[in-house]
Amino acid sequence: MALDKNGIAKRIAQEVQNGYYVNLGIGIPTLVANFVRDDLEVEFQSENGILGMGPFPFEGEEDADLINAGKQTITALPGASYFDSSLSFGMIRGKHVDLTILGAMEVAEDGDIANWKIPGKMVKGMGGAMDLVASAENIIVAMQHTNRAGESKLLKRCSLPITGVNCVKKIVTDLACIEITKEGFLLLERAPGVSVETIKKATAGTLIVPVDVPEMSL
Amino acid sequence: MALDKNGIAKRIAQEVQNGYYVNLGIGIPTLVANFVRDDLEVEFQSENGILGMGPFPFEGEEDADLINAGKQTITALPGASYFDSSLSFGMIRGKHVDLTILGAMEVAEDGDIANWKIPGKMVKGMGGAMDLVASAENIIVAMQHTNRAGESKLLKRCSLPITGVNCVKKIVTDLACIEITKEGFLLLERAPGVSVETIKKATAGTLIVPVDVPEMSL
Amino acid sequence: MIAKNVDNVKQALEGVSSNMTLMLGGFGLCGIPENAIAELVRLGISGITCISNNAGVDDFGLGLLLQKKQIKKMISSYVGENAEFERQMLSGELEVELIPQGTLAERCRAAQVGIPAFYTPAGYGTEVAEGKEVLDFKGKPHLLEHAFEADFSIIKAWKGDTAGNLIFKATARNFNAPMAGAGKVCVAEVEELLPAGQLDPNQIHIPGIFVQRIFQGKFFEKRIEQRTITQK
Amino acid sequence: MIAKNVDNVKQALEGVSSNMTLMLGGFGLCGIPENAIAELVRLGISGITCISNNAGVDDFGLGLLLQKKQIKKMISSYVGENAEFERQMLSGELEVELIPQGTLAERCRAAQVGIPAFYTPAGYGTEVAEGKEVLDFKGKPHLLEHAFEADFSIIKAWKGDTAGNLIFKATARNFNAPMAGAGKVCVAEVEELLPAGQLDPNQIHIPGIFVQRIFQGKFFEKRIEQRTITQK
């Protein structure tokens, strides 16, 4: 059965290692924080200017001056710090952030990503995504395997304006966990109950299928 | 009679206007602070990281963590702020500092200045001088008109390695107040009792002498 | 001490006129100069080029200026929260230049500290790179990006003093800090304006040298865009 | 929270070895990492390339490493307070690269924030410009300057917490802030090390993400170079 959003987030949470500073994009990536193992030392950075981001506040404790990059009210954990946008992107550009998790509209088999613009239709802007994908050493994309029209989002080449080149390292979708390799999309794991055949059909780019493709353990 | 160091500082203090942020170099420039009119709103910046520098502390109140660029113990006035070296030179490079007063070994008639190196002899380093002279719009040099050997320090071309090009606007020496113009050193004022002839003899570069050269009023 | 305090927003914005380039601080609705924006609406100036990370929402923040069609061009990184914005952009009434957020922040800071240009990897290989100089560093291509130029930078802080020193609160610091001193004139509105000497010089985020005019805002709605809570 | 605290200077400097490039914070003797310098002397490593604004005095600060001839090359802006330094330099024992102070600070900051290169007007037309790319901005020539590369940056703060967050005191902030995170490993020594949560997140000068190891120094002499006083 295909994963729901929480399932995708849960699988991605397994990629978070001890001592990681992690930047979470808007949408599914935000959910990842809920599934990171408690025994790991991890800090979440939000590019609008906080390190050590905590959960949403209790009702009545919201502070308009304390939000994340999704403009949601948040809290700060012990050891947190606030800083300006210039230093915040300094952390990102300077490779001090260990892992970036973000959504995408398309990913190409060479690691290109498109997630900021549909010409003539949707032009919200790239926000911090271009900085993140240009600098992060470790980028995981969280997304649905296909779009609403049922078309694959894992392509040979991106059809939409790209956000960055050769940058995505791993993709976790509702169907599979996939690594980007020089040869193309390497199928690492299937979502529970999802067949290799289903994943093949839903993938437009080159899919490399090893002899044994284990199910995710969630 | 030629001015002493305090006299030079006193004359330069007349150049300080209301609302000026001023950077004072080591030596005579430091003395300028003592002669700025009390009714002017002025703040002194020291490039090691303080704005709103005050006088030396009283005995027993010295703080090793509070010094100026000359490594002297200082105090902070109400409204002062501390910052790092990067932002400090940001103030200088970004032209937020209104006036820079510094010493020199040589000044050329085109505004070049040399004050950091005597090859094979003295190599202390430029410190912040190159940043200051490259960015400041308003640079006044405080120095003796001649060196210990009696040679002029106001030259056609600098003989020593330069600190910056075409940057000095005004020079106040023990003998005169001089403006740098396209045509050369323009004699603005004589030190009290010093003759034009004396200044001419002590100036190796092109000296422009107006019909009337008033004495400084100190 | 050099006094920077003015009595009100009107005095603070003296000299702002149509067709100017204005930088405005804030991220979303967090830390925006509400009082100055209200005054810009009241002034009725138009043809503004606006450098601001976001464009507000339909009825708050820069959305108020968009409603009145006072803005000619927006230079932003993300403008997704504003339907009127989208309408004006798609109809061609509004020019839009989208810039990666980190580049936007650094171009503000570059203006603040007198760095005319710097290299960043952000945007290489994308539309953003068009017409820009590319240089490789350690085999990785970077774009040359330039400091912004603006007539005014208008920012908002939490506490300030009469010397122009600023302290921001939490994530409201965002673009307000790198925009300080990045325009020819920097105007700061603060929630609390104190006499010089009341702020700890060690805790000042932006020294007063970067600020030309400071005033205490009359009101701060501080609207929350996404009120998210944890159930007890 | 990611813990960065180590027990002592020995652990903090693990991995430092001969022929490395080290960045060291401080201006004159103000804000220098005294405990780490003492440990570098004890370790007896040599062939060090040192990026530091100054070279200490004969018997304190980096002067201690110079005495033992542990430094191969100094990259500084001003080295005028040290006779042994001058002797080694003039005799050719010590390589010296002198850099304008603002450029030095910005090249540290560039390394911290992942800017590989930037333009500055400082040094144009001087010896410092030799071999450097020149580009005009608004008719004014600027030099292209590159981010530093260092194996370790070793800095000193006033207060810190176990998450690596740092607060500096007064003008001891100087190069310590822009050097944080500018080397591959950043070691911070602090006068007071507190549990995470004890520092106000709004008052932190350097967030812990830039610091890999933090420890409380055993002693701080904090020598004053020029004791100047006002007579009562």
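Being a predicted model, the structure only gives us computed values, none of them experimental. Every chain is numbered from 1 and lettered A, B, ... according to where its sequence line falls, protein lines coming before strand lines.
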Can K71(A) be said to sit on top of F27(C)'s aromatic six-ring, NZ or CZ under 6.0 Å from centre and within 45° of the ring axis?
-> yes

For L29(C), is it the side chain, the backbone, both, or neither that has a heavy atom closer than 4.5 Å to a heavy atom of chain A?
->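 No part of it gets close to chain A.
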
State whether K169(C) and D63(A) are salt-bridged, where the test is any N-O pair (Lys NZ or Arg NE/NH1/NH2 against Asp/Glu carboxylate O) under 4.0 Å.
-> yes

Can you tell which part of [X] gets under 4.5 Å to a heavy atom of chain C, answering side chain, backbone, both or neither?
X: N68(A); answer: backbone
X: K117(A); answer: side chain
X: S86(A); answer: both

Do any of residues 74-83 of chain A come closer than 4.5 Å to chain C, heavy atom to heavy atom, and if so which ones, in number order?
->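 Against chain C, the residues of residues 74-83 of chain A that fall inside the cut-off (heavy atoms, under 4.5 Å) are Y82(A), F83(A).
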
Using a 3.5 Å distance criterion without hydrogens, assess whether the side chain of [X] forms a donor-acceptor pair with backbone atoms of [Y].
X: T228(C); Y: T73(A); value: yes
X: T171(C); Y: G49(A); value: no
X: T230(C); Y: F56(A); value: yes
X: D65(A); Y: A170(C); value: no

Going by residue number, which parts of residues 201-213 of chain C are within reach of chain A, meaning a heavy-atom gap below 4.5 Å?
->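 Listed by number, there are no contacting residues, so the answer is none.
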
